[in-house]
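Taking it in order: structure first as structure tokens, then the write-up.
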Amino acid sequence: MKIKISATAIFIVMLFIGLVVLVDFARRDMKLDVDLLRESLQNMPGMVMENIQMSREFSGDIWSVNVPMLQQDGSLIRLKSVDITRTMSGDKGEWYFFGNEGVFSSDTKEVSINRLLGTIEGAGRTWNVESKRLDWKDGSNAVVFPEGLTIYDSEFMLQTPQASVDRSGVVLFQRGGVIKWIKPSEF
């Protein structure tokens, strides 16, 4: 006895098998643990995001951050170039900081920015800022410069091996500093 199978019957059987497989995959996906999925996504290496822009208000001042590229590596987020602007309320001035690279830890909520350059504009004067590293922790009122800070303009230069700056702009020199007058004042 010969059994003749038509092409239509083969197609229907294959379609049925395909639907069974899809239903099985869907059933397994619905059983996924959301926390496990979130943890897996957080630890996925190589996730890259480009052109990130954020703005936030703190005490009436607007802080803006522009990151051309960031890459997630586990709980660390690596930043390639970061631009930070602080526009102070009441036309008191602006701060501009440009960092070559940085790292943000989602575990400790800390950020470090390396090779920082910037300007602080205010009170009719502009100061230039340079530092090898800037550190900040979520909830902290101060930015720390653990590897030194240099502030200068056309009249003076201030260098310190370690400093911090609070939100109001007060600079604290933890280990002293040196001021060099470049242009003598007129008496």
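Within the 4.5 Å cutoff, side-chain heavy atoms of T150 are placed close to those of M157. Contact check for W63 versus I84: side-chain heavy atoms found under the 4.5 Å cut-off.
Scanning both residues, I151 and F156, for their nearest heavy atoms gives O-CE1, 4.1 Å. Across D83 and S81, no two heavy atoms sit closer than the pair OD1-OG, 4.2 Å. When all heavy atoms of F173 and A163 are compared, the pair lying nearest together is CD2-CB, 4.2 Å. The shortest heavy-atom contact between S64 and S55 is OG-OG, 3.0 Å. Shown here for T126 and D153, the closest heavy-atom pair between the two residues is O-CB, 3.4 Å. V82 approaches I113 most closely through the heavy-atom pair CG1-CG2, 3.7 Å.
Pairs of residues two or more places apart, or lying in two chains, never qualify as salt bridge (charged side-chain N to carboxylate O under 4.0 Å, His left out) while including a residue from residues 50-59.
Take E130 and apply the salt bridge (Lys or Arg N to Asp or Glu O under 4.0 Å) test, not counting sequence neighbours, and it matches no residue. Applying the salt bridge (Lys or Arg N to Asp or Glu O under 4.0 Å) rule to R86 yields the partners D61; only residues at least two apart in sequence or on another chain are considered.
Here the side chain of S106 pairs a donor or acceptor atom with the backbone of S75 at under 3.5 angstrom. S105 contributes a side-chain N or O that, together with a main-chain N or O of T108, makes up a donor-acceptor pair within less than 3.5 Å.
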Any chance you could lay out the side chain to side chain donor-acceptor pair (under 3.5 Å) test for T87 and E94, step after step, and finish with the verdict?
CA-CA 5 Å; T87 305; E94 290 189 315; 2.9 Å; yes
Trace of the side chain to side chain donor-acceptor pair (under 3.5 Å) decision for E147 with S131
CA-CA 7 Å; E147 296 183 25; S131 181; over 6 Å; no
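Remark: L172 CG to L149 CG distance equals 11.5 Å, nearest 0.5 Å. Interatomic distance, CZ of R133 versus CZ of F145, reported as 11.5 Å (0.5 Å rounding). Note that CH2 of W127 is 11.0 Å distant from OG1 of T119, once rounded to the nearest 0.5 Å.
In the displayed structure, M49 atom CE is contacted under 6.0 Å by at most 12 heavy atoms of other residues, nucleotides or ligands.
Using a 4.0 Å cut-off between a side-chain N of Lys or Arg and a carboxylate O of Asp or Glu, K137 and D135 do not qualify as a salt bridge.
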